Amino acid sequence: MAVSSTTSQLPLLLLHRGTANPSPASLSFPSSLRATSLRSRAAAAASPADTLSEDGIPDAPPEGEGTGIPLPSSIGDDGEQLAPKQKIRIKLRSYWVPLIEDSCKKIIDAAKTTNAKTMGPVPLPTKRRIYCVLNSPHVHKDSRFHFEIRTHQRLIDIMYPTAQTIDSLMQLQLPAGVDVEVKL
């Protein structure tokens with residue numbers, strides 16, 4: 001099977017005539033589609049001021065220069081400002097909104113007196129649990145009571161707490177209807 005020598009718009013591969021089993025040496029690609037090696041591309045892209053290693057590959061640019069990758073030292077400097085090393089996360093749950101709001105106010109006041117930075121209270125989604133109870137156990141199957149319990153949640157973050165902050169939080173007297181979960 002031979003390919004005609006007339007070229008179409010994009011000749012990809014031409015086989016030489018007279019070869020029954022074409023080898024890679026007998027295949028020829030058009031010059032516009034020939035791939036240049038990575039080393040020759042790197043050598044052509046390098047400026048004359050760059051030094052070449054023994055292989056003819058240009059040396060890597062200095063660390064952090066021109067690569068767009070930040071140095072580890074620069075990541076650590078900004079990271080301390082973005083995320084504090086220590087924080088206290090307090091999650092409050094209650095069935096009654098005035099109780100949870102009063103508790104949030106007490107916690108924030110205790111943290112502010114010790115010069116700790118607070119974030120919140122952040123209202124989290126209210127969880128609704130609906131219970132369906134039969135009105136009569138035998139006859140009236142279609143008659144039912146529906147009871148609902150709503151659990152309100154708030155989230156408070158205390159940044160940069162000190163020992164005084166922790167002591168003042170431990171001494172707080174919160175109402176019995178508020179569930180407090182503390183994570184360090």
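Because the structure is predicted, anything quoted here is derived from the model rather than measured.
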Which distance, rounded to the nearest 0.5 Å, do you find between the NE2 of H152 and the CG of L92?
13.0 Å
Using 4.0 Å as the upper bound for N to carboxylate O, is an ion pair formed by R129 and E148?
no
Quick check: is M170 connected to V182 through a chain of hydrophobic side chains (ILVMFWY, heavy atoms under 4.5 Å apart)?
yes
Who are the salt bridge (Lys or Arg N to Asp or Glu O under 4.0 Å) partners of R93, not counting sequence neighbours?
D179, E181
Passes side-chain contact (heavy atoms from CB on, under 4.5 Å), R150 versus K127? Steps please.
CA-CA 6 Å; R150 291 185 181 204; K127 292 185 180 178; over 6 Å; no
Side chain proximity check, R128 to I149, heavy atoms < 4.5 angstrom:
no
For K87 against P161, the heavy-atom pair lying closest together:
CA-CD, 4.3 Å
Are I158 and L124 linked, directly or through intermediate hydrophobic residues, by side-chain heavy-atom contacts shorter than 4.5 Å (ILVMFWY only)?
no
What pair of heavy atoms forms the shortest contact from S168 to A110, and how long is it?
OG-O, 3.5 Å
For M159 against A116, the heavy-atom pair lying closest together
O-CB, 3.9 Å
Taken to the nearest 0.5 Å, the spacing of I100 CD1 from K105 NZ works out to 13.5 Å
Would L184 end up clustered with I156 when hydrophobic side chains under 4.5 Å apart are linked, directly or stepwise?
yes
For T165, check side chain to side chain donor-acceptor pair (under 3.5 Å) against everything at least two apart and list the hits.
T114, T162
Check: S94 side chain, G177 main-chain N or O, donor-acceptor pair, under 3.5 Å:
yes
Interatomic distance, CZ@F145 vs CG@L134, rounded to 0.5 Å, equals 10.5 Å
Applying side-chain contact (heavy atoms from CB on, under 4.5 Å) to I88 and D157, what does each step give before you reach the verdict?
CA-CA 6 Å; I88 298 174; D157 283 341; over 6 Å; no
Quick one: does I90's side chain get under 4.5 Å of L155's, heavy atoms only?
no
Decide side-chain contact (heavy atoms from CB on, under 4.5 Å) for T126 and Q153; before the verdict, give the C-alpha distance in whole Å, the side-chain angles of both, and the deciding distance to 0.1 Å.
CA-CA 6 Å; T126 302; Q153 301 177 18; over 6 Å; no
Under the side-chain contact (heavy atoms from CB on, under 4.5 Å) rule, what do V133 and F147 come out as? Steps first, then yes or no, please.
CA-CA 8 Å; V133 180; F147 297 100; 4.0 Å; yes
Rounded distance (nearest 0.5 Å) linking atom CD1 of I107 with atom CZ of R154:
12.0 Å
Reported CD1-to-CE distance for the pair I108 and M119, which is rounded to 0.5 angstrom
11.5 Å
